Amino acid sequence: VTVEDKTICLGESTSFTASNVNYDSYQWTPTDFLSNPDKATTSVNKPTGNKTYSLKVVDGVCSTLVENIKLTVNPLPTINSIDVQTKDNGERNITIIADGEDPLTYSLDNVNFDGPEEIINKVSIGWNLLYLKDGNGCKDTLAFKIDPLEIIPDKYFTPNGDNNHEKWTVKNLDAYDSYIVEIFDRHGKRLFIQKVGSFNIGGANTVEGNAFEGWDGIYNGHPMPSDDYWYLITVEEIRKQYTGHFTLKR
């Protein structure tokens with residue numbers, strides 16, 4: 001009779017099975033964490049540490065003792081903290097502080113694990129679930145939230161050729177994949193529109209491009225006069241609209 005040793009992670013369950021299932025009786029000892037210690041296969045339910053078992057089998061008047069059946073319970077790795085960084089282009093990255101058996105690897109989908117670097121780039125806004133896996137295959141998880149970056153439109157711009165504030169721009173807007181930027185005069189006439197990402201490009205006064213690089217104060221080839229202008233910015237990713245006004249100074 002033989003029984004294979006087992007290795008599991010803390011919090012998991014497993015089972016031992018005797019190689020021959022034709023004996024009259026079976027007795028596993030000790031019975032700690034065992035659900036059926038009188039069967040050829042016994043379940044071991046979420047043991048809290050390493051254990052060593054023995055199995056006595058009886059066939060008629062004969063008996064056999066199998067000793068030192070080892071169950072190894074590996075501790076779980078631990079995600080201690082997550083530090084969120086924002087790059088100049090608005091990209092959100094995380095640095096992970098964790099403990100566990102090397103090599104430690106990380107995933108946001110529980111399928112593709114990368115490492116051993118503790119950095120994950122381009123993390124999505126909103127709630128995410130981080131998976132940590134150690135060298136024993138044991139895992140830990142931690143839910144974390146990436147807050148959306150607040151976009152900050154310029155309050156004024158001065159397109160007068162001195163290379164200073166030549167365009168009206170919006171800080172942090174390039175952190176998002178899909179958005180619409182619209183600009184209106186004080187009478188509600190739309191002077192500019194740019195659609196980025198999943199929005200379809202098209203329509204009068206629509207600017208082609210992969211990102212909003214600013215408005216230069218030109219409408220239909222003509223410089224617009226010094227005045228207040230209004231914007232409407234729709235950010236699809238966070239389902240939010242921003243509106244307000246800014247000043248063009250010449």
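This structure is a prediction, so every number in the text was calculated from the model and none was measured.
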Exercise. Under the salt bridge (charged side-chain N to carboxylate O under 4.0 Å, His left out) rule, collect the residues that match up with R186, sequence neighbours excluded.
Key: D227
Quiz prompt | Connected-component partners of L129 among ILVMFWY, side-chain separation under 4.5 Å | solution = F113, Y131
Exercise. Please round to the nearest 0.5 Å and tell me the distance separating atom CZ of R92 and atom CG of D147.
Key: 7.0 Å
Quiz item: How would you list all residue pairs meeting disulfide (SG to SG under 2.5 Å) that involve residues 73-137, not counting sequence neighbours?
Solution: none
Self-check item: Pair listing, ring pair (Phe, Tyr, Trp, His ring centres under 6.0 Å) test, anchored in residues 33-68, at least two apart
Solution: F16-Y53
Quiz item: Any ring pair (Phe, Tyr, Trp, His ring centres under 6.0 Å) pairs touching residues 84-104, not counting sequence neighbours?
Solution: none
Quiz item: Do you see a donor-acceptor pair shorter than 3.5 Å between the side chains of T234 and Q241?
Solution: yes
Quiz item: Are N93 and K87 close enough that some pair of their side-chain heavy atoms sits under 4.5 Å apart?
Solution: yes
Quiz prompt | Under-4.0 Å salt bridge between E236 and K195 | solution = no
Practice problem: Determine which pairs satisfy disulfide (SG to SG under 2.5 Å) with at least one residue from residues 8-111, sequence neighbours left out, and list them in order. | Solution: C9-C138
Quiz prompt | Within one Ile-Leu-Val-Met-Phe-Trp-Tyr cluster: L191 and L232, side-chain cutoff 4.5 Å | solution = no
Quiz item: So which of Y156, F184, Y229, W230 actually passes ring pair (Phe, Tyr, Trp, His ring centres under 6.0 Å) with H245?
Solution: W230
Self-check item: Shared hydrophobic cluster for I97 and Y106 (ILVMFWY, side-chain gaps under 4.5 Å)
Solution: no
Quiz item: Are side-chain N/O atoms of T78 and D99 paired as donor and acceptor at under 3.5 Å?
Solution: no
Self-check item: Hydrophobic cluster membership, V84 vs L130, 4.5 Å side-chain cutoff
Solution: yes
Quiz item: Picking from W168, Y242, F212, what satisfies ring pair (Phe, Tyr, Trp, His ring centres under 6.0 Å) with Y231?
Solution: W168
